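Every value quoted in this text rests on a predicted model; they were computed, and no experiment measured them.
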Amino acid sequence: MIDVRRSADRYPGGEPDAGIESFHAFSFGPHYDPDNLRFGSILACNEEHLAPGAGFAEHPHSHTEIVTWVISGELTHRDSTGHESVVCPGDVQHLSSGGGVRHVERNDGMKPLVFLQMWLAPRFPGGDPSYEVVRGIADSTPYDVPAAGATLHVRRLADGERTELPSAPHVYVHVLRGEVRLRDADLRQGDAVRITEEPGVEALALKGAHLLIWEMR
């Protein structure tokens, strides 16, 4: 099964007056849809837009694997275990919240910040929090999130280039930039596809495309 979800259909959120605009691919906050609670391990896929100086004050997380990809700008992160970092485009940030952690996310730069944040359910709750940033992850280099039984693939495709998607029970594709065709569906920036038990699916870049692909076992 191939389920196409358009960017325009995401739930709006955030606090525009505070410089925060959010777009949610799954049920989130006041937007409750019992048919859109999760897909595979993914609980949330939020596109966040932060104006310079804006951010999320310290808040808690638990029993969630949080993976963040910066699209443009720089994200400042601080958490209650003492980690502090600036995450840039091309970096993968992974916060495993374990039994509980608090963190702050801000745009301390001079330019607007856009990032995609994905929450995954761990197979087993609890444990100690952990944090990692992989700088400048290369194309086609998989990033494993074993606690959630998931692997993130980053693909940057030139015009006309093809890539075969993983054969897994659940595959989630998010188009960061460009245009891509999957079977008979043309996808543009912000669109996503949820693929269930459908092997042999290829993505064709109609216009130089940048994809985030989750393989969930």
Side-chain angles (χ1 to χ4, degrees), residues 3-80 85-97 100-121 131 133 145 148 150 152 154 172-178 187-194 210-214:
D3 181 9
V4 175
R5 301 292 178 115
R6 299 297 181 184
S7 174
D9 296 330
R10 290 178 292 179
Y11 312 117
E15 299 178 66
D17 291 343
I20 302 172
E21 290 189 274
S22 305
F23 301 93
H24 307 295
F26 294 84
S27 287
F28 200 91
H31 301 287
Y32 177 72
D33 180 351
D35 296 322
N36 191 26
L37 298 178
R38 66 185 290 172
F39 176 73
S41 304
I42 300 177
L43 303 172
C45 182
N46 303 333
E47 184 178 304
E48 306 288 358
H49 296 243
L50 303 186
F56 298 101
E58 185 175 86
H59 56 280
H61 288 282
S62 61
H63 316 304
T64 312
E65 304 296 315
I66 303 171
V67 177
T68 304
W69 182 273
V70 173
I71 298 171
S72 60
E74 296 181 345
L75 170 65
T76 297
H77 168 274
R78 295 188 298 274
D79 65 44
S80 56
S85 59
V86 176
V87 186
C88 302
D91 300 340
V92 172
Q93 176 184 259
H94 176 201
L95 174 63
S96 179
S97 63
V101 69
R102 301 181 67 85
H103 75 156
V104 175
E105 297 163 298
R106 292 191 53 79
N107 179 8
D108 289 334
M110 301 297 292
K111 298 179 180 179
L113 165 65
V114 181
F115 65 92
L116 195 71
Q117 188 166 91
M118 298 149 285
W119 298 6
L120 290 85
Y131 180 79
V133 177
V145 184
L152 178 65
V154 180
Y172 187 85
V173 182
H174 184 94
V175 181
L176 293 169
R177 289 192 177 93
L187 310 172
R188 294 175 175 79
Q189 182 174 323
D191 292 344
V193 177
R194 307 175 189 188
H210 190 173
L211 311 177
L212 293 184
I213 303 165
W214 280 105

Any donor-acceptor pair under 3.5 Å from Ser80 side chain to Val101 backbone: no
Close side-chain approach of His49 to Phe23, heavy-atom, < 4.5 Å: yes
Sequence-distant partners of Asp9, salt bridge (charged side-chain N to carboxylate O under 4.0 Å, His left out), two or more places apart: none
N/O donor-acceptor pair under 3.5 Å between Asn36 side chain and Asp33 backbone: no
Donor on one side chain, acceptor on other, Ser85 and Tyr131, under 3.5 Å: yes
Aromatic plane relationship, Phe28 with His24 - under 30° parallel, 30 to 60° tilted, over 60° perpendicular: parallel
Residue pair Trp119 / Val67, side-chain heavy-atom distance below 4.5 Å: no
Side-chain donor or acceptor of Thr76 paired with backbone N/O of Asn107 under 3.5 Å: no
Min side-chain heavy-atom separation Asp3-Phe39 under 4.5 Å: no
Glu48 backbone acceptor or donor facing Asn46 side chain under 3.5 Å: no
Reference residue Asp191; test salt bridge (charged side-chain N to carboxylate O under 4.0 Å, His left out); the match among Arg6, Arg10, Arg177: Arg6
Exercise: do Gln117 and Gln93 side chains pair donor with acceptor under 3.5 Å: no
Parallel, tilted or perpendicular: rings of His61 and His59 (30°, 60°): perpendicular
His94 and Glu65 side chains, donor-acceptor separation under 3.5 Å: yes
Within 6.0 Å of CD in Glu58, more than 12 heavy atoms from elsewhere: yes
Aromatic plane relationship, Phe115 with Phe56 - under 30° parallel, 30 to 60° tilted, over 60° perpendicular: perpendicular
Arg38 side chain to Leu120 backbone, donor-acceptor under 3.5 Å: no
